[in-house]
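Atoms within a ligand are numbered from 1 in the order they appear, just like the ligands themselves. In this chain, residues are counted from 1 in sequence order.
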Amino acid sequence: MTRILVLHGPNLGLLGTREPGIYGRLTLADIDRQLRELAATLRVEVNCFQSDVEGELVSRIGKSRGVYDGLILNPGAYTHTSIALRDALQAVETPCVEVHLSNTAARETFRHHSFTAAACIGQIMGFGAASYALALTGLVEYLSRKREP
Ligand code: DQA
């Protein structure tokens, strides 16, 4: 069965009460539950992990090769700072979709640049919690196309 690892970066554990006007009122547990339900209908397996620590996210990506078929990553603020996360994605070559709840292009200029996006197969942002569902659907479609002879 296709296995997807969902990685949530710093401060995403605070969803629900964190700036709800920007990020919505759903908690991370709500988002993970929605993803697991969608995964069941798509017949794939998802594992979700959140960390505020850059190195833990780097390690999870590093260990994904050969274990997971694809990654969904919301790097949070590390999007705009982390060469280490980008290097990890490039090192493992596991197809990754970058996700943001908010439309970072419409926010402060320091959020406009993503270090990680260039190491991903695509990026989905601005749709709130639905960004994750769209990413999962797109990634599963990408992986099934890749398997075709
Ligand atoms: C975010 C956008 C980032 O700029 C911010 O630092 C976050 C959340 C998003 O999902 O919209 O923590 O990744």
Side-chain angles (χ1 to χ4, degrees), residues 2-42 44-65 67-143:
T2 298
R3 299 189 76 201
I4 312 286
L5 176 63
V6 181
L7 293 172
H8 307 285
N11 298 312
L12 293 169
L14 304 176
L15 288 178
T17 55
R18 176 191 179 194
E19 300 184 88
I22 297 174
Y23 299 116
R25 294 231 172 249
L26 291 186
T27 65
L28 196 61
D30 293 330
I31 291 174
D32 287 347
R33 190 176 338 102
Q34 288 183 351
L35 273 176
R36 277 193 295 272
E37 284 168 10
L38 177 59
T41 71
L42 295 172
V44 300
E45 183 186 319
V46 293
N47 286 310
C48 303
F49 175 76
Q50 189 274 330
S51 178
D52 293 331
V53 180
E54 183 178 9
E56 282 184 9
L57 297 165
V58 169
S59 296
R60 293 282 172 145
I61 294 168
K63 289 177 189 150
S64 69
R65 192 200 279 269
V67 180
Y68 289 97
D69 302 289
L71 302 170
I72 292 173
L73 172 65
N74 183 346
Y78 294 141
T79 308
H80 320 299
T81 62
S82 181
I83 296 168
L85 279 175
R86 180 199 182 112
D87 284 352
L89 292 169
Q90 269 168 347
V92 295
E93 297 174 333
T94 312
C96 180
V97 179
E98 179 171 315
V99 165
H100 299 286
L101 296 145
S102 64
N103 178 5
T104 57
R107 298 182 63 194
E108 303 95 325
T109 48
F110 64 82
R111 296 185 203 276
H112 293 182
H113 181 255
S114 168
F115 278 102
T116 40
C120 293
I121 57 165
Q123 191 188 37
I124 295 179
M125 60 184 189
F127 296 95
S131 291
Y132 284 95
L134 293 165
L136 182 59
T137 310
L139 180 57
V140 169
E141 160 76 16
Y142 172 90
L143 292 171

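The ring of Phe110 has its center no closer than 6.0 angstrom to the ring center of His112.
Looking at Gln50, its side chain does come within 3.5 Å of a backbone N or O of Gly9 through a donor-acceptor pair. One N or O on the side chain of Ser131 and one on the backbone of His100 form a donor-acceptor pair closer than 3.5 Å.
From the protein, the heavy atom lying nearest to atom 1 (C) of ligand 1 is His100 ND1, 3.6 Å. The closest protein non-hydrogen atom to atom 11 (O) of ligand 1 is Ser102 OG, 2.6 Å. Taking atom 9 (C) of ligand 1 as the reference point, the nearest protein heavy-atom neighbour is Leu101 N, 3.4 Å.
Partners of His8 according to the ring pair (Phe, Tyr, Trp, His ring centres under 6.0 Å) rule, which considers only residues two or more places apart in sequence or in another chain, are Tyr132.
Within the 4.5 Å cutoff, side-chain heavy atoms of Asn11 are placed close to those of Leu14. No side-chain heavy atom of Asp69 sits less than 4.5 Å from a side-chain heavy atom of Leu139.
Close contacts of ligand 1 with Thr104, meaning ligand atoms under 4.0 Å from a residue heavy atom, involve 2 (C), 4 (O). Atoms of ligand 1 lying under 4.0 Å from at least one heavy atom of Arg18, given by number and element, are 7 (C), 12 (O). Short contacts between ligand 1 and Tyr23, defined as distances under 4.0 Å to a heavy atom of the residue, involve ligand atoms 5 (C), 7 (C), 8 (C), 9 (C), 11 (O). Residue-ligand proximity, His80 to ligand 1, at heavy-atom distances under 4.0 Å covers atoms 3 (C), 4 (O). The contact set between ligand 1 and Arg111, taken as ligand atoms under 4.0 Å from a residue heavy atom, comprises 3 (C), 4 (O), 5 (C), 6 (O).
For residues 84-102, every residue pair satisfying the salt bridge (Lys or Arg N to Asp or Glu O under 4.0 Å) rule, not counting sequence neighbours, is listed here: Arg65-Glu93.
Looking at Leu12 next to ligand 1, no N or O pair under 3.5 Å apart turns up. Looking at ligand 1, you won't find any N or O of Val99 less than 3.5 Å from one of its N or O atoms. Between Thr79 and ligand 1, no N or O atom pair is found at a separation short of 3.5 Å.
Atom CZ of Arg25 sits in a sparse spot, with 12 or fewer heavy atoms from other residues, nucleotides or ligands closer than 6.0 Å.
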